[in-house]
Structure formats: structure tokens, C-alpha cells
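Here is the structure we will look at, set down as C-alpha cells.
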Amino acid sequence: MLEEAMAAIAEGGLAELTMSALAERLGTSGGHILYYFGSKDRLLLAALRWSEDRLAAERTRLLARRVTAHRKLALFLELYLPRGPRDPRWTLWIELWARTPANEDLRAAQQEIDDGWQRDLEALLAKGVDQGRFAAALDVPARASELLALLDGLSTRVVLGQRGADRAASLERARSAAALLVPQI
């Protein structure tokens with residue numbers, strides 16, 4: 001159900017994702033979907049969590065790889081950024097960010113998901129410092145937070161389809177900023 005919701009978002013965006021349209025795609029009823037999720041917000045949050053759980057597993061595999069810290073950082077940036085303007089995960093993020101101030105469940109979920117990205121990036125940077133690949137004086141939590149904020153901004157531009165903000169250009173900007181924020185030895 002969640003995979004189909006993500007596919008529907010990728011195809012038509014959130015505006016076209018209704019409970020009845022999703023039910024039709026799944027060959028069930030809107031009531032059946034509401035039984036499991038209770039509301040469209042809960043369905044969207046469940047879809048986002050499902051997507052982010054898959055990315056968390058990819059991050060775990062990435063952190064376990066036997067490649068240089070610089071290469072891991074480059075791969076982390078690639079994993080974070082959206083695939084393009086129709087990326088359903090990022091479309092969901094943008095929608096849920098707008099709803100977060102008024103919804104405690106969304107706010108808590110956002111914080112939990114963001115904390116996972118922060119924790120993993122900090123681990124990657126700290127290991128690079130320990131291995132002597134990144135500067136010893138690196139403020140790991142601050143640099144991780146700054147990089148994630150930058151990636152959020154670049155990602156939003158890609159998803160909105162802004163001129164000059166395609167995935168390749170955004171990835172290059174992210175790499176450039178990472179080189180400045182995380183000095184290599």
C-alpha cells in the first residue's frame with residue numbers, strides 16, 4: 001500500500017493522491033485504507049517513514065563500506081539528494097514540512113528522521129577525523145548540521161524544478177560545499 005502511494009505521488013503529485021484514487025489503484029476501497037491509516041496525513045507519514053526506513057538501511061550499508069571517508073561522504077550526498085523533480089520522498093517532505101507546525105505527530109516524526117540522518121553523518125565525519133582523513137579540529141556536529149541544512153535547500157530546489165537546480169548541478173554544489181565545510185588532510 002505504501003509503495004503504491006509513493007508510486008502515485010511520483011506520477012501525479014500529492015494533489016492527485018486521494019484516498020479513493022489510491023484505493024482504485026490498489027483494487028480496494030477508501031474505507032479500507034482509512035481503516036489502516038485513519039487519515040491522509042497518517043498515510044503520508046507512514047509512506048514517508050517507509051521510504052526513510054529504506055534509506056536508513058542504505059545509509060547503514062554505506063557506513064559499513066570499506067572506502068575512504070571522502071568517498072563515503074560523496075556517496076552520502078548522493079543518497080540524500082532527490083533523484084529529480086518528481087522524487088516522491090522529497091515531494092512528501094515538502095508537503096509534510098508545511099503541515100508540521102500544527103501537527104505534533106508530524107513534528108516528532110520529522111525530528112526522529114532528521115536525527116537519524118544527523119547521527120549517521122556525524123558518525124561518518126567522526127570516523128574520517130579518527131582516520132586522519134578530515135581535519136582533527138573539525139566540529140563534527142556543527143558541520144553535519146550545516147551540510148544537512150544545505151542539502152535540504154538544494155533538494156527543495158531540485159524538487160521544485162528551479163532553473164539550474166537539477167540533480168547533477170545540485171550534487172556538484174553539495175560536493176563543493178562539503179569540501180569547504182569538511183577540510184581534508
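Position 1 is the first residue of the sequence; numbering continues from there. Keep in mind that the numbers below use all heavy atoms, side chains included, and drop hydrogens, waters and symmetry copies. Source: prediction; values computed, not measured.
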Inset, instruction - Kindly say whether L81 contributes a backbone atom to a donor-acceptor pair with the side chain of R167 at under 3.5 angstrom? - result: yes
Inset, instruction - Kindly compute the distance separating CG (L180) from CD (E146), expressed to the nearest 0.5 Å. - result: 11.5 Å
Legend entry - Heavy-atom neighbours of K127 NZ exceed 12 at 6.0 Å: no
Inset, instruction - State whether the number of non-hydrogen atoms from other residues, nucleotides or ligands found under 6.0 Å of E58 atom CD is greater than 12. - result: yes
Legend entry - CD/E24: more than 12 non-hydrogen atoms of other groups inside 6.0 Å: no
Inset, instruction - Mark yes or no for whether S176, through its side chain, and E172, through its backbone, hold a donor-acceptor pair below 3.5 Å. - result: no
Inset, instruction - Report the C-alpha distance between R86 and T91 in whole Å, list the side-chain angles of each, state the deciding distance to 0.1 Å, and finish with yes or no for side chain to side chain contact (heavy atoms under 4.5 Å, CB included). - result: CA-CA 7 Å; R86 311 271 300 162; T91 300; over 6 Å; no
Legend entry - Closest non-hydrogen atom pair, T18 against A21: OG1-N, 2.9 Å
Legend entry - Inter-residue atom distance L22.CG - T28.OG1, 0.5 Å rounding: 9.5 Å
Legend entry - Heavy-atom side-chain contact between F134 and P183 under 4.5 Å: no
Inset, instruction - Starting at CZ of F76, measure out to CG of L124 and round the result to the nearest 0.5 Å. - result: 7.0 Å
Inset, instruction - Identify whether L45 and Y35 are in the same connected component of the hydrophobic contact network (ILVMFWY, side-chain heavy atoms under 4.5 Å). - result: yes
Legend entry - Pair E112 + R49, salt bridge at N-O below 4.0 Å: yes
Inset, instruction - Determine the minimum heavy-atom distance between A8 and L17, stating which atoms define it. - result: CB-CD1, 3.8 Å
Legend entry - Any W117 side-chain heavy atom under 4.5 Å of L55 side chain: yes
Legend entry - Over all atoms of both residues, closest heavy-atom pair of A69 and G128: CB-CA, 3.6 Å
Inset, instruction - With rounding to the nearest 0.5 Å, note down the distance linking CG in L34 to CG in L43. - result: 9.0 Å
Legend entry - Among K72, R175, R83, salt bridge (charged side-chain N to carboxylate O under 4.0 Å, His left out) partner for E78: R175
Inset, instruction - Determine whether the side chains of Q111 and D115 contain a donor N or O and an acceptor N or O closer than 3.5 Å. - result: yes
Inset, instruction - Determine, using the 4.5 Å side-chain heavy-atom cutoff (strictly less than), whether Y36 and M19 are members of one ILVMFWY cluster. - result: yes
Legend entry - D139 and P141, any side-chain heavy atoms less than 4.5 Å apart: yes
Inset, instruction - Starting at CG of D166, measure out to CZ of R157 and round the result to the nearest 0.5 Å. - result: 10.5 Å
Inset, instruction - Decide whether L26 and I9 are clustered together by the hydrophobic rule: side chain heavy atoms of Ile, Leu, Val, Met, Phe, Trp, Tyr closer than 4.5 Å, transitively. - result: yes
Inset, instruction - Check whether any side-chain N or O of T60 sits under 3.5 Å from a backbone N or O of A56 as a donor-acceptor pair, and report yes or no. - result: yes
Legend entry - Residue pair L121, Y80: steps toward the side chain to side chain contact (heavy atoms under 4.5 Å, CB included) verdict: CA-CA 11 Å; L121 184 52; Y80 197 94; over 6 Å; no
Legend entry - N-O pairing of E122 and R119 below 4.0 Å: no
Inset, instruction - Kindly give the heavy-atom pair with the smallest separation between A135 and V129, and that separation in Å. - result: O-CG2, 3.6 Å
Legend entry - Side-chain touch D120/L62, heavy atoms, less than 4.5 angstrom: no
Legend entry - Residue R133 excluded, over 12 heavy atoms near CZ under 6.0 Å: no
Legend entry - Heavy-atom donor-acceptor pair, R143 side chain to L138 backbone, under 3.5 Å: no
Inset, instruction - Take L147 and V182, measure what side chain to side chain contact (heavy atoms under 4.5 Å, CB included) needs, and give me the verdict at the end. - result: CA-CA 9 Å; L147 274 171; V182 184; 3.9 Å; yes
Legend entry - Side-chain heavy atoms of E3 within contact of M6, under 4.5 Å: no
Legend entry - Donor on one side chain, acceptor on other, W93 and Q110, under 3.5 Å: no
Legend entry - R89 CZ to W50 CH2 distance, which is reported to the nearest 0.5 Å: 12.0 Å
Legend entry - Cluster link V158 to L151, ILVMFWY, side chain under 4.5 Å: no
Inset, instruction - Look at the side-chain heavy atoms of Ile, Leu, Val, Met, Phe, Trp and Tyr, link any pair under 4.5 Å apart, and say whether L148 and W97 land in one connected group. - result: yes
Inset, instruction - Taking the side chain as every heavy atom from C-beta outward, state whether F37 and L2 have any pair of such atoms under 4.5 Å apart. - result: yes
Legend entry - Heavy-atom closest contact (L92 atom, A47 atom, distance): CD1-CB, 3.9 Å
Legend entry - Closest non-hydrogen atom pair between L150 and A177, with its separation: CD2-CB, 3.3 Å
Legend entry - P82 and V159, any side-chain heavy atoms less than 4.5 Å apart: yes
Legend entry - L79 side chain near R59 side chain, heavy-atom distance below 4.5 Å: yes
